[in-house]
S.K.: 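This is the structure I have questions about; it appears just below.
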Amino acid sequence: MTDNARPGRVGYRDIANDLRQQIDSGELSPGSKVPGENDLTSQYGVEQPTARRALDMLKNEGLIVAKRGSGTFVREFKPIRRVSPDRLQAGTSWGAGRPIWTTDVGTRPRTEGVTVDVELPPANVAEVLNLDDGVRVVTRRRRYVVDDKPVQLATSYYPEVLVAGSAITEIDTGEGGAYARLKELGYEPTRFREELRVRMPRESEREALDLAQGTPVILIVRTAYTADDQPVEVNEMVLDSAAYVLEYKFTAHD
């Protein structure tokens with residue numbers, strides 16, 4: 001069977017297109033069971049390998065997920081809307097005593113696993129933070145779970161000399177999170193830069209985020225600067241691309 005359907009015959013792309021249309025229209029709603037290989041072979045008059053390739057295509061697109069022993073289902077998760085730059089505004093998030101994380105997920109059930117270490121930074125982080133060789137950082141690693149689904153891994157690096165002895169070195173950074181503590185220390189973040197790219201996950205990321213087959217991740221690297229352009233944090237975030245909508249707001253004039 002070739003990639004495209006032959007005249008008068010149904011190919012796996014045709015089946016995948018039909019199923020995708022049913023998902024997009026809501027005919028197959030989130031959480032509903034998708035016809036299996038046997039159902040598709042009967043419905044479309046194709047061989048089992050063709051039906052399997054159709055389902056694999058939709059799995060690779062992140063539209064459906066297979067559950068061992070149960071079948072294949074339409075992916076069921078309300079995407080998280082990550083709105084920038086609103087989420088970083090001091091007056092409405094961390095400056096008002098709210099963690100930035102809550103501006104993304106609101107009141108949805110969520111957990112955050114945190115570990116804190118003091119270590120030498122990766123070379124690229126040391127360069128961005130303008131650190132000399134051998135200068136250590138405080139590293140905060142988090143794994144975010146929403147509605148019982150892991151959605152993001154984040155690793156933040158802070159120069160140890162700036163944050164030693166503060167709540168940034170603790171599991172709980174207190175109201176407003178790390179940015180509020182930086183402000184108290186005299187290093188208030190006033191400007192941010194984010195770099196974004198999409199790639200396939202590393203094996204450790206795939207396992208930690210419990211990613212569906214073929215699902216890419218979004219890598220966002222944010223650097224926080226003080227008013228005098230001193231870099232005080234590098235935050236490397238790995239997002240499940242199927243779990244997020246990234247919204248950016250711009251003005252037409254300076």
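For this chain, numbers begin at 1 and follow the sequence in order. Computation of the quantities below employed the complete heavy-atom set of this structure, encompassing side-chain atoms and omitting hydrogens, waters and symmetry-equivalent molecules.
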S.K.: Under the side chain to side chain contact (heavy atoms under 4.5 Å, CB included) rule, collect the residues that match up with Ser29, sequence neighbours excluded.
M.R.: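 Partners of Ser29 under the side chain to side chain contact (heavy atoms under 4.5 Å, CB included) test: Ser32.
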S.K.: Say you draw a straight line from CZ of Arg52 to OG1 of Thr41; how long is it, rounded to the nearest 0.5 Å?
M.R.: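 Separation between the atoms: 10.5 Å.
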S.K.: Distance-only, no hydrogens or angles: does the Asp18 side chain make a donor-acceptor pair with backbone N or O of Ile15 under 3.5 Å?
M.R.: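 Judged by distance alone, no pair lies under 3.5 Å.
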S.K.: Strictly distance-based, threshold 3.5 Å: is any side-chain N or O of Arg110 a donor or acceptor partner for the main-chain N or O of Val105?
M.R.: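 Not at all, since once roles are kept as given, no pair shorter than 3.5 Å links the two residues.
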S.K.: For atom CD of Glu127, decide whether the heavy atoms of other residues, nucleotides or ligands shown that lie under 6.0 angstrom number more than 12.
M.R.: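 Atom CD in Glu127 is not packed in, count stays at 12 or less.
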S.K.: Hydrophobic cluster membership, with links at side-chain heavy-atom distances under 4.5 Å among I/L/V/M/F/W/Y: are Leu58 and Tyr44 in one?
M.R.: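 Linked, Leu58 and Tyr44 end up in one cluster.
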S.K.: Going by the side chain to side chain donor-acceptor pair (under 3.5 Å) test, which pairs reach into residues 215-226, not counting sequence neighbours?
M.R.: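 Listed once each, the pairs are Tyr179-Arg222, Glu194-Arg222, Thr226-Asp228.
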S.K.: In this structure, would Val163 and Val135 fall into the same cluster of hydrophobic residues linked by side-chain contacts under 4.5 Å?
M.R.: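 As far as the 4.5 Å side-chain criterion goes, Val135 and Val163 are not connected within one cluster.
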S.K.: Side chains of Asn38 and Gln48: closer than 4.5 Å at any heavy-atom pair?
M.R.: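 They are in side-chain contact.
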S.K.: For Pro201 and Pro216, which heavy atoms make the closest approach, and how far apart are they?
M.R.: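 Between these two residues, the closest heavy atoms are CD-CA, 4.2 Å.
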S.K.: Give a yes or no answer on whether the side chain of Ser42 reaches the backbone of Asp39 with a donor-acceptor pair at less than 3.5 Å.
M.R.: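 Absent.
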S.K.: With rounding to the nearest 0.5 angstrom, report the OG to CE distance, Ser241 to Met200.
M.R.: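 It is 8.0 Å, given to the nearest 0.5 Å.
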S.K.: I need the full list of side chain to side chain donor-acceptor pair (under 3.5 Å) pairs touching residues 151-169, with sequence neighbours left out, sorted by first then second residue.
M.R.: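 Every side chain to side chain donor-acceptor pair (under 3.5 Å) pair that includes a residue of residues 151-169, provided the two are not neighbours, is Arg136-Glu160, Arg142-Ser156, Gln152-Tyr244, Ser156-Glu233, Ser156-Asn235, Tyr158-Glu233.
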S.K.: Mind checking what makes side chain to side chain contact (heavy atoms under 4.5 Å, CB included) contact with Asn124, not counting sequence neighbours?
M.R.: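 Residues passing side chain to side chain contact (heavy atoms under 4.5 Å, CB included) with Asn124: Pro122, Glu236.
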S.K.: Taking only residues two or more places apart in sequence, or in another chain, which ones meet Arg75 in a side chain to side chain donor-acceptor pair (under 3.5 Å)?
M.R.: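 For Arg75, the residues satisfying side chain to side chain donor-acceptor pair (under 3.5 Å) (neighbours in sequence not counted) are Asp240.
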S.K.: Which atom pair, heavy atoms only, marks the closest approach of Leu28 to Lys33?
M.R.: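 Shortest heavy-atom separation between Leu28 and Lys33 comes out as CD2-O, 3.8 Å.
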S.K.: Verify the cluster assignment for Val146 and Leu246: are they in a single hydrophobic cluster under the rule of side-chain heavy atoms below 4.5 Å apart?
M.R.: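 Yes.
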S.K.: Using every non-hydrogen atom in the two residues, find where Leu55 and Pro35 come nearest and quote the distance to one decimal.
M.R.: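 Scanning both residues completely, I find the closest heavy atoms to be CD2-O, 3.8 Å.
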S.K.: Does atom CD of Glu112 have more than 12 heavy-atom neighbours, drawn from other residues, nucleotides or ligands, at distances under 6.0 Å?
M.R.: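 Yes.
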S.K.: One thing to verify: whether Arg191 and Asp229 come together as a salt bridge, which I'm taking to mean a side-chain N less than 4.0 angstrom from a carboxylate O.
M.R.: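 Answer for the salt bridge query: yes.
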S.K.: Spell out, yes or no, whether Ile218 and Val238 are grouped together once hydrophobic residues are joined by side-chain heavy atoms under 4.5 Å, including indirect joins.
M.R.: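 Cluster IDs for Ile218 and Val238 differ.
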S.K.: Considering only heavy atoms from C-beta outward, does the side chain of Arg53 approach that of Thr50 to under 4.5 Å?
M.R.: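 The answer is no, as the side chains (C-beta and beyond) never meet within the 4.5 Å cut-off.
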S.K.: Between Asn60 (side chain only) and Met57 (backbone N and O only), is there a donor and an acceptor less than 3.5 Å apart?
M.R.: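 Here the side-chain-to-backbone pair does not exist.
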S.K.: Taking all non-hydrogen atoms of both residues, which atom of Val128 and which atom of Pro231 are closest, and how far apart?
M.R.: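 It is O-CG, 3.3 Å.
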S.K.: How long is the span from the CZ atom in Arg140 to the OG1 atom in Thr173, to the nearest 0.5 Å?
M.R.: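 The distance works out to 5.0 Å.
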S.K.: Can you list the steps and then say if Lys59 with Asp56 is a side-chain contact (heavy atoms from CB on, under 4.5 Å)?
M.R.: CA-CA 5 Å; Lys59 290 175 186 175; Asp56 284 344; 4.0 Å; yes
S.K.: Donor-acceptor pair, distance only, cut-off 3.5 Å: does the side chain of Arg108 make one with the backbone of Asp104?
M.R.: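 Not a single qualifying donor-acceptor pair exists.
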S.K.: With rounding to the nearest 0.5 Å, note down the distance linking CZ in Arg81 to OG1 in Thr103.
M.R.: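 Result: 13.0 Å between the selected atoms.
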S.K.: State whether the side chain of Lys149 and the backbone N or O of Asp210 hold a donor-acceptor pair below 3.5 Å, judged by distance alone.
M.R.: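 Side chain of Lys149 to backbone of Asp210, a donor-acceptor pair under 3.5 Å: no, none is there.
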S.K.: Apart from Val145 itself, what residues make up its hydrophobic cluster when side-chain heavy atoms of I, L, V, M, F, W and Y under 4.5 Å apart count as a link, directly or indirectly?
M.R.: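 Under the 4.5 Å side-chain rule, Val145 groups with nothing.
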S.K.: Say whether Ile100 and Val138 are linked into one hydrophobic cluster, either directly or through other cluster members, by side-chain heavy-atom distances under 4.5 angstrom.
M.R.: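 Linked within one cluster.
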S.K.: Say whether, by atom type as modelled, one donor and one acceptor occur between the side chain of Thr72 and the main chain of Val34 under 3.5 angstrom.
M.R.: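 Pair absent, no side-chain N/O of Thr72 close to backbone of Val34.
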S.K.: Between Arg181 and Glu170, does any side-chain N to carboxylate O distance fall below 4.0 Å?
M.R.: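 Glu170 and Arg181: not salt-bridged.
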S.K.: Are more than 12 heavy atoms, taken from residues, nucleotides or ligands other than Glu47, located less than 6.0 Å from that residue's CD atom?
M.R.: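 Atom CD in Glu47 is not crowded, with 12 or fewer foreign heavy atoms closer than 6.0 Å.
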